[in-house]
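Each chain gets a letter, A, B and so on, in the order its sequence line appears, and its residues count up from 1.
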Amino acid sequence: MNPTENMNSTRYHTLNQAQKEAVFHRDGPALIIAGPGSGKTRVITERIANLIREDNIRPWNILAITFTNKAAKEMQNRVNEILGDESRGLAIGTFHAMCARILRQFGEPIGIASDFVIYDTDDTESLVKSIMKELNTPDRFKPRQIRNRISTLKTMERTQDSAYRLGSDSYLDDLSINIKNIYDARLRRANAVDFDDLLNLTHTLLTEFEHSASFILDRFEHVLVDEFQDTNLVQYEIARALAQKSRNLVVVGDDDQSIYSWRAADIENFHRLIADFPEAKTINLDQNYRSTGHILEAAQIIINKNSGRTEKNLWTDNSQGAPVQLLTSSTADEEAWFVANEIRKHQNSPNVKENGFGVLYRTNAQSRAIEDALISNGIPYRLVGGTRFYDRKEIKDIVAYLRLIQNEHDIVAFQRVVNTPARGIGNKTLSMILQTATDTGTSPVAIAVKLVSEDAIPGIPSVTSRAKKAIQLFTSVYEHLASMRDTNNVPQLIDAVVTKTGFRAYLNTLDKDQPDRSESRWENIEEFKNVAAQYNELEEETSLHLFLEQVALVSDVDQPENNEESVNVTLTTLHSAKGLEFPVVFLVGMEEGLLPHQRSFDDEQMMEEERRLCYVGITRAREQLYLTQSLTRYLYGRSTSGSTSRYLKDLQNAGIETSETPSAQSVTSTRSYNSSYTRKKYNLGNGLRESQIKTENSHHNDIEPFKAGDKVRHGRFGIGTVINIKQDGSDWEIQVAFESQGVRKLYQSFAQLSLQN
DNA sequence: ATACGAATTCTTTTT
DNA sequence: GAATTCGTAT
């Protein structure tokens with residue numbers, strides 16, 4: 001027996017039967033259904049290592065696609081741990097990153113230059129906005145809405161028949177298509193692609209330009225896709241194309257953890273896979289190594305209520321553990337203080353200390369109350385999600401300068417920086433420049449340069465001498481920076497942008513009554529320089545566009561963690577919690593309207609996705625799970641009252657063993673909980689808030705807000721007649737027949753109905 | 001052209 | 001309630 005085999009036998013004997021099957025499965029496609037905590041990552045990494053080590057597959061012939069850059073990095077690290085240097089050349093990355101790489105190298109036949117830039121959601125929204133302005137679109141259409149529709153159109157057009165319709169509003173459809181056409185043309189001219197293009201263009205390249213793409217199509221002997229339930233149709237087809245030759249497509253996923261259908265992820269891909277690869281072997285990883293019996297049981301009660309799932313039989317050898325704890329508080333602050341206090345109590349138990357606490361919520365807005373409570377209690381925490389570092393205004397400004405230096409056709413970047421800091425170039429001058437650029441097919445920068453040159457140019461409107469001076473301020477900065485481009489590295493370029501534009505002074509004027517804020521903006525810029533410097537050291541060939549690509553594709557979740565050891569509390573949305581686990585999990589805001597979110601109420605499919613979100617949240621917990629709700633909460637600056645989430649009720653009805661925390665019971669009857677947790681807060685200056693909640697709360701419950709027959713108005717649905725009204729806990733469930741939208745059930749606390757005469 | 005205050009919209013989730 | 005947009009005055 002050679003040493004390798006020896007090592008491997010010990011290495012593999014801790015795998016269970018199903019895991020071994022997945023690791024050792026060889027020729028042909030496979031579908032691995034991996035329940036939460038079933039050792040999925042280990043299976044994938046062992047499989048890759050095994051392919052390289054035992055089957056002598058060369059690393060660069062293996063492609064592993066993950067959902068986030070963070071997951072990619074983790075996978076890479078874990079393969080490295082097993083193989084060391086032998087893993088060099090392995091292709092691991094997200095769909096978007098992989099597509100960007102392919103397009104840079106092979107995009108030329110489909111008209112994509114190798115130095116294209118990537119527009120993120122923000123950039124595309126500004127582009128849409130300016131197109132809408134040019135077209136004089138009625139204001140009832142919001143750029144955000146149109147942008148989303150364009151994105152949906154772009155995901156659909158590739159794959160469905162060309163006669164697609166988005167909804168019932170055909171005017172809106174036509175408008176969206178119209179704007180989309182202009183939008184696409186502008187992107188191409190700006191040498192830019194958006195997230196959808198990255199996928200679509202790669203798909204086109206792989207399926208319609210096979211000859212040009214043959215290098216890539218022939219390259220991969222094994223293709224692995226992680227988080228398969230989150231892929232959309234185009235992504236699936238890209239994976240299929242890449243695996244067409246070898247047929248070694250192995251996907252790992254769990255339909256119960258599909259939480260991205262709003263981003264066009266499509267569970268149908270499971271069926272497509274089986275149709276396209278009928279020989280695919282299905283492997284079920286159903287042993288859970290993560291959670292206690294109680295937690296797993298709770299998770300199953302929740303998920304079993306969804307229909308159309310693939311049948312599963314999750315089980316665990318772990319002990320039953322502590323019962324799930326429920327807490328009802330009267331305000332969101334109180335809920336937050338409860339969390340903070342429990343964290344303090346458990347903070348020093350050994351296992352928890354190391355691996356920490358997860359506080360999970362449905363919406364980013366909920367983090368604030370938790371943060372306040374943690375700060376007041378001196379508990380350090382890490383916040384994932386929210387605004388991406390690169391999305392901060394000051395960073396985006398600098399990035400826009402860099403982008404414009406790299407590519408003078410980048411209109412969005414031009415619009416952003418031309419008058420930042422303020423130079424006296426107003427709306428009129430700006431739109432004239434943009435219009436002329438569009439008409440003449442040149443870049444806005446070139447127009448600006450011509451405008452300040454001595455003589456009048458035919459075809460270009462003249463400008464006042466004042467405007468000319470303003471433009472000159474811009475062009476001199478631009479020309480200086482552009483001249484540095486080829487001889488300086490990214491950190492040097494950033495420095496130049498900052499000094500040439502007088503950025504520091506600009507920051508001070510930006511928020512002049514809040515020196516703290518401009519200081520923190522400045523720190524962000526320093527941090528940005530550090531990132532650039534690190535990048536500069538890491539990459540041998542450090543071109544500006546590669547750096548910009550990283551800025552566009554890296555999400556907040558992927559950001560370097562602040563590695564202070566004392567930080568063991570993580571605050572995150574349920575979406576970003578995927579793939580994480582904690583000994584102790586708090587799932588907060590278990591209220592109707594939040595979880596499930598109100599926006600999903602009308603749609604059965606969306607409601608099932610909410611349930612899956614809840615399931616994902618519960619299954620993050622290893623030992624202890626807290627589910628908390630608050631009877632009132634601030635929403636849009638207004639105190640609103642909510643009712644117990646149906647998921648909590650499901651658990652209670654199923655009779656699972658739970659324990660209500662003692663303080664929770666006293667909440668409704670006495671004020672003792674209130675005083676111990678909230679008074680500190682009160683002293684911090686939120687007294688007004690507290691009293692507002694109480695008054696609002698007390699009359700919400702008792703007085704029937706409407707009666708049957710009342711005419712009411714709803715913000716979205718318009719005017720209707722109340723058919724029926726009944727009390728549901730502290731809330732009122734109102735049935736309304738709307739004139740245009742039919743009969744709907746609404747909750748008083750969320751619907752914001754007003755009486756109409 | 002800008003600065004300041006008023007009005008308005010917004011919050012689901014993110015590669 | 002905050003952030004963005006709008007309107008008016010300088």
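- For the side-chain contact (heavy atoms from CB on, under 4.5 Å) test, residues two or more places apart in sequence or in another chain that qualify with A:Thr429 are A:Ile425, A:Ile433, A:Ala467, A:Ile471.
- Taking atom P in both B:dT11 and C:dC6, the straight-line distance is 16 Å, to the nearest Å.
- Taking A:Gln105 as the reference, nothing meets the side chain to side chain donor-acceptor pair (under 3.5 Å) condition, with sequence neighbours excluded.
- Listed by chain and residue number, A:Arg272 satisfy the salt bridge (Lys or Arg N to Asp or Glu O under 4.0 Å) test with A:Asp266 (two or more places apart in sequence, or in another chain).
- By the side chain to side chain donor-acceptor pair (under 3.5 Å) test, A:Gln235 is found to be paired with no residue, residues two or more places apart in sequence or in another chain being considered.
- Here A:Tyr236 pairs with nothing under the ring pair (Phe, Tyr, Trp, His ring centres under 6.0 Å) rule; sequence neighbours left out.
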Are any protein N/O atoms closer than 3.5 Å to N/O atoms in nucleotides 2-10 of chain C? If there are, list each pair with its distance.
unit_1: C:dT5; atom_1: OP1; unit_2: A:Lys129; atom_2: NZ; d: 2.5

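- For the pair A:Arg263 CZ and B:dT13 C1', the interatomic distance rounds to 9 Å; values are reported in whole Å.
- The side-chain contact (heavy atoms from CB on, under 4.5 Å) test applied to A:Thr121 returns A:Arg147, A:Phe195, not counting sequence neighbours.
- Salt bridge present: A:Lys393 and A:Asp397 bring a charged side-chain N and a carboxylate O closer than 4.0 Å.
- The side chain of A:Asn364 contributes an N or O atom lying less than 4.0 Å from OP1 or OP2 of B:dT13.
- The side chain of A:Tyr260 sits closest to B:dT14 out of B:dT15, B:dT11, B:dT14.
- Residue ring and base: A:Phe67 does not count as stacked with B:dT15 (centre distance below 5.5 Å and interplanar angle below 30° not both satisfied).
- Taking only side-chain nitrogens and oxygens, A:Ser576 never comes nearer than 4.0 Å to OP1 or OP2 of B:dT13.
- Regarding A:Tyr615, its OH atom lies at a distance of 24 Å from the P atom of B:dT13, rounded to whole Å.
- Set against B:dT15, B:dT14, B:dC10, the side chain of A:Thr121 has B:dT15 as its closest nucleotide.
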Output a table of nitrogen or oxygen pairs between the protein and nucleotides 1-7 of chain B separated by less than 3.5 Å.
unit_1: B:dA1; atom_1: OP1; unit_2: A:Gly426; atom_2: N; d: 3.0
unit_1: B:dA1; atom_1: O4'; unit_2: A:Arg466; atom_2: NH2; d: 3.4
unit_1: B:dT2; atom_1: OP1; unit_2: A:Gly424; atom_2: N; d: 2.8

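- Nucleic acid contact for A:Met606: base, since at least one base atom lies under 4.0 Å from a heavy atom of the residue.
- Within the 4.0 angstrom heavy-atom criterion, no nucleotide atom of any strand lies near A:Asp120.
- Salt-bridge formation is detected for the pair A:Arg403/A:Asp410: a Lys NZ or Arg NE/NH1/NH2 atom is positioned less than 4.0 Å from an Asp or Glu carboxylate oxygen.
- A:Arg144 comes within 4.0 angstrom of the backbone, heavy atoms only, and of no base.
- Of the candidates B:dT13, B:dT11, B:dT15, B:dT13 carries the atom nearest the A:His575 side chain, counting heavy atoms from C-beta on.
- Among the nucleotides B:dT14, B:dT11, B:dT15, the one closest to the side chain of A:Ala365 is B:dT11.
- For A:Thr501, the side-chain contact (heavy atoms from CB on, under 4.5 Å) criterion is met by A:Tyr401, A:Pro421, A:Arg423, A:Val477, A:Val497, A:Phe503, not counting sequence neighbours.
- Listed nucleotides B:dT14, B:dC10, B:dT15 differ in distance to A:Lys142; the shortest reach to its side chain belongs to B:dC10.
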